[in-house]
Amino acid sequence: MVSATRTLYDKLCHNTPAGSSLPHMAFLPPSSAAKRLCVVISDIHCTDGTVGNQSGEGEDWLACFAQVEQAAQGQDELVVILNGDIIDLIRSAAWTEAGVYPWQREHPRFAELIDTIMAGIVRQHATPQGLFGRDGFFELLRQLTRSLKASGVKVRLVPIVGNHDKELLLVDSARARFYRDCLDWAVDEDAEYRDWIAAQYGFDSTRAGAATPWLPFYYGDRGFQLFATHGQWRDNTNAVQGKGWKAGRWQPERWQQQRFAAFTDACFGDTVAAGLLSGFIWDAKNALRVLEAGNRTDSKAIARLCSILDEMDLYRPASKGIVRILQEARAQRGKGADEAIVASISTTFRANLRRWLAQAAAWRRAPFPIIAFLPLLWLLSRVRQEVVSLGVMKLMAWVQEPKPGIALRDLLGLPAFHAAYREYGFSIHTEGHTHVALEADLQFDTPEQQPNYSYVNTGAWRGQIFPKANYGYRRRGIGRALYLFDTQQGNGERTLRYYVRDALSWGSQLDKLA
């Protein structure tokens, strides 16, 4: 006799259409709700706050959730897709303080540190009056879901895994806390969800309920014609290549065979975020505090440099943040600041560069062309001339500059646009990861009844630092959300409407933080 759990598990696995060379996919059963809304956001990067904050500010989230609640009125169902890097377990001072790093998975303190960082994230973002004295992102999300459920709207949360929160897949206790304290979700009681995750990752369905389920790697919804995944699988600095797979190739069947190691193993991006950037921010601020405690008179210069260090995570690529702080240190010298204060920045940077380059993981995981720069950086770490340091970091920033668009070849490689996947009814592919909001449209001859296809990158919802037109910098809040409405008409036909809502905010409150 086939068990009810096994039957549900089978329903979640939809075989690829006949004649296709692409592997099977696992989707949740279609919804029967007459009026549905889907909202997609990504890359919030809620951190523990120990090396600065990356996420949007309080007023930004209040406005965002008010818009979502308004759009959800009159709907039968709301699906919220948190499309990766919603929390950030990599950018934390905890790693530097402990002398342990996120690529050291076998270290006896690894799980303890993940739990500590997760507790900090909950404290900052999942409690009333948390970050900046405002309700945090997850607190507002809980308020929204409870309010909508009370009014009869079914709410489904889909927390897709990214490259900065993948450690949740490795530490059961942190993952359980994410589901419980951040999403307000007793996920262990959701058999449908557990079995969907088991089908997606290739686990045995009976194992799916043994521990808190992993976060999904992708989500497909035929009603919304939407396929969502974070996008790290296209990035060779944030996915581990090898074993018959290269970044940019969608191969879930091979990933299943390899236990999704390409996305659970530590990558080069981890070494930069935790081994270089977070360590530098933490050590530089400590060095400045020591100088301040020594009765240095340049408290204004110290406060200015500490403020910029807190902002460094708001730059993309991260090397731009290092350029900024090195430039500011030189500017403070020109204003007559104490030489010891100025020198502490460049000295700490070189020390952290040497410490990072002493890690075998930085060299082993570095992709081309970045690997070509590592010997140069090694030499740089031993040169005391600040102009050399600044020049090389500017070059690194130029090499790592995010692409302003997406090439047709890359578009055609996205899963939603493969011929076999189009047969599922998908017409929209959404991702994040790049921190660049993009959209593009395509057309295919098959299926004939569905010629229009769209790519939407939700970029990031976070604070960012922008250069002013003449000189100086200013802090802004930016964000993008994708809205999709799936509605059944009176004649039984379903219609799909979607749009993106971009947000840009700045003002005196953000100026105080800049």
Side-chain angles (χ1 to χ4, degrees), residues 13-17 20-27 42 83-85 90 102-103 105-106 160-170 196-204 214-220 227-273 360-372 374 400 402-403 406-422 424 426 429-434 455 457:
C13 294
H14 298 267
N15 292 327
T16 302
S20 170
S21 60
L22 291 170
H24 81 281
M25 300 293 284
F27 306 122
S42 69
N83 202 8
D85 286 357
I90 303 299
W103 56 88
R105 303 295 177 73
E106 303 304 318
I160 292 174
V161 70
N163 53 294
H164 280 255
D165 49 20
K166 62 180 179 290
E167 284 72 21
L168 285 178
L169 305 186
L170 306 176
W196 170 49
I197 299 300
Q200 186 171 124
Y201 285 102
F203 296 156
D204 185 275
W214 280 19
L215 278 62
F217 192 79
Y218 60 81
Y219 174 73
F227 191 93
T229 190
H230 179 61
Q232 75 276 39
W233 60 278
R234 299 200 299 115
D235 179 3
N236 63 2
T237 64
N238 286 292
V240 182
Q241 300 186 101
K243 300 180 181 179
W245 176 77
K246 290 185 178 181
R249 295 182 182 177
W250 182 260
Q251 294 182 295
E253 191 171 56
R254 183 177 294 276
W255 300 335
Q256 279 188 358
Q257 295 168 357
Q258 299 170 1
R259 307 289 292 176
F260 274 72
F263 313 107
T264 56
D265 286 355
C267 60
F268 179 75
D270 297 340
T271 73
V272 176
W363 297 80
R364 187 172 62 251
R365 299 299 192 190
F368 182 84
I370 293 175
I371 186 66
L374 295 190
Q400 294 178 292
K403 295 179 181 178
I406 180 170
L408 177 59
R409 176 182 177 182
D410 294 328
L411 282 171
L412 296 176
L414 298 175
F417 305 142
H418 282 297
Y421 291 11
R422 296 200 305 270
Y424 287 131
F426 297 131
H429 182 98
T430 186
E431 64 180 10
H433 183 64
T434 64
Y455 165 81
N457 190 309

Ignoring hydrogens, what is the shortest heavy-atom contact between [X] and [Y]? Give both atom names and the distance.
| X | Y | result |
| --- | --- | --- |
| P415 | Y421 | O-CD2, 2.7 Å |
| A266 | R105 | N-NH2, 3.3 Å |
| W103 | A361 | CD1-CB, 3.5 Å |
| F417 | H429 | CZ-CB, 3.8 Å |
| Y201 | P216 | OH-C, 3.6 Å |

Out of curiosity, [X] [atom1] to [Y] [atom2], how far, rounded to the nearest 0.5 Å?
| X | Y | atom1 | atom2 | value |
| --- | --- | --- | --- | --- |
| N163 | D270 | CG | CG | 7.5 Å |
| W363 | L374 | CH2 | CG | 5.0 Å |
| N457 | H433 | CG | NE2 | 9.5 Å |
| I90 | D85 | CD1 | CG | 9.5 Å |
| L414 | Y455 | CG | OH | 6.5 Å |
| D265 | R259 | CG | CZ | 12.5 Å |

Report task. Using the six-membered ring wherever Trp is involved, compare the ring planes of W214 and F203 and label them parallel, tilted or perpendicular (cut-offs 30° and 60°). Result -> perpendicular
Which word best sums up how the rings of Y424 and F27 line up, parallel for under 30°, tilted for 30 to 60°, or perpendicular for over 60°? perpendicular
With side-chain contact (heavy atoms from CB on, under 4.5 Å) as the test, would you mind laying out the steps for V161 and L168 before giving the verdict? CA-CA 8 Å; V161 70; L168 285 178; 6.0 Å; no
Exactly one of F217, W233, W245 clears ring pair (Phe, Tyr, Trp, His ring centres under 6.0 Å) with F260, and that residue is F217
- Report the C-alpha separation of W250 and F227 in whole Å, then their side-chain angles, then the decisive distance to 0.1 Å, and conclude whether the ring pair (Phe, Tyr, Trp, His ring centres under 6.0 Å) test is met. CA-CA 13 Å; W250 182 260; F227 191 93; 5.6 Å; yes
Per side chain to side chain donor-acceptor pair (under 3.5 Å), E431 is matched among R234, H230, Q232 by R234
May I ask you to check whether T430 and N83 show a side-chain donor-acceptor distance below 3.5 Å?
no
Quiz item: Does K166 reach the side chain of F263, with side-chain heavy atoms less than 4.5 Å apart?
Solution: no
